[in-house]
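Only one structure is covered here, and it is reproduced in the block below.
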Amino acid sequence: MMQPISANDLKTKGVGAIDQALLSDPEASVTVRGEVKYVVMSKDHYDYLRECELEAALAESKADLDAGRFVKETVAQHMRRIAKINKAA
């Protein structure tokens, strides 16, 4: 479970409150009036999550290619197709 940091603790203790919370968890929540408003994490943890997100997108793209879910066309063809999609929407 994420370590909560109150807005008041953040105000009085500053970044030290975040550092303390991140000692036990990779993410910490910042609460305002008892409600979670923000989530903070270390840059290393953010980079890890971003890498996971990119790996998932790459796997999805590879699956689309393997399943034949793609269109091969010129730039001009692509622009015409996109224009038709926009008109229909």
Side-chain angles (χ1 to χ4, degrees):
M1 183 170 171
M2 275 190 278
Q3 179 73 30
I5 305 167
S6 70
N8 191 52
D9 281 346
L10 192 55
K11 184 177 175 181
T12 59
K13 298 177 184 173
V15 176
I18 295 172
D19 288 337
Q20 185 65 36
L22 294 180
L23 288 175
S24 58
D25 292 300
E27 301 163 347
S29 58
V30 178
T31 60
V32 178
R33 294 182 202 88
E35 198 175 315
V36 175
K37 292 288 185 177
Y38 307 99
V39 175
V40 294
M41 65 188 75
S42 70
K43 174 76 165 76
D44 287 341
H45 188 62
Y46 172 82
D47 289 341
Y48 167 75
L49 292 177
R50 184 70 176 133
E51 186 175 331
C52 290
E53 183 179 47
L54 293 172
E55 287 292 329
L58 181 58
E60 187 178 326
S61 294
K62 285 180 179 179
D64 284 342
L65 286 171
D66 292 344
R69 293 185 298 260
F70 64 91
V71 176
K72 187 174 181 179
E73 61 194 2
T74 66
V75 172
Q77 291 167 330
H78 177 73
M79 296 306 290
R80 283 192 297 274
R81 186 169 58 84
I82 296 299
K84 286 180 187 177
I85 291 170
N86 286 338
K87 282 183 183 179

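All values below come from the heavy atoms of this structure, side chains included, with hydrogens, waters and symmetry mates left out.
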Between L10 and Y38, is there shared hydrophobic-cluster membership here, with clusters defined by ILVMFWY side-chain heavy atoms closer than 4.5 Å? yes

Around atom CD of Q20, are there more than 12 heavy atoms of other residues, nucleotides or ligands at under 6.0 Å? no

How about R33: does its CZ atom have over 12 heavy atoms from other parts shown lying under 6.0 Å from it? no

Measure the OG-CD distance between S29 and E35 for me, rounded to the nearest 0.5 Å. 11.5 Å

Minimum heavy-atom separation for [X] and [Y], please, with both atom names.
X	Y	value
S6	T31	CA-OG1, 3.3 Å
I5	I18	CD1-CA, 3.7 Å
Q3	S24	OE1-OG, 4.0 Å
D9	A17	O-CB, 4.0 Å

Hey, are K62 and D66 close enough for a salt bridge, meaning a charged N less than 4.0 Å from a carboxylate O? no

Does K84 reach the side chain of K87, with side-chain heavy atoms less than 4.5 Å apart? no

Which residue, L22, V15, L23, forms the side-chain contact (heavy atoms from CB on, under 4.5 Å) with D19? V15

Output all residues satisfying side-chain contact (heavy atoms from CB on, under 4.5 Å) with H45, sequence neighbours left out; order by chain, then residue number. P26, E27, M41, S42, Y48, L49

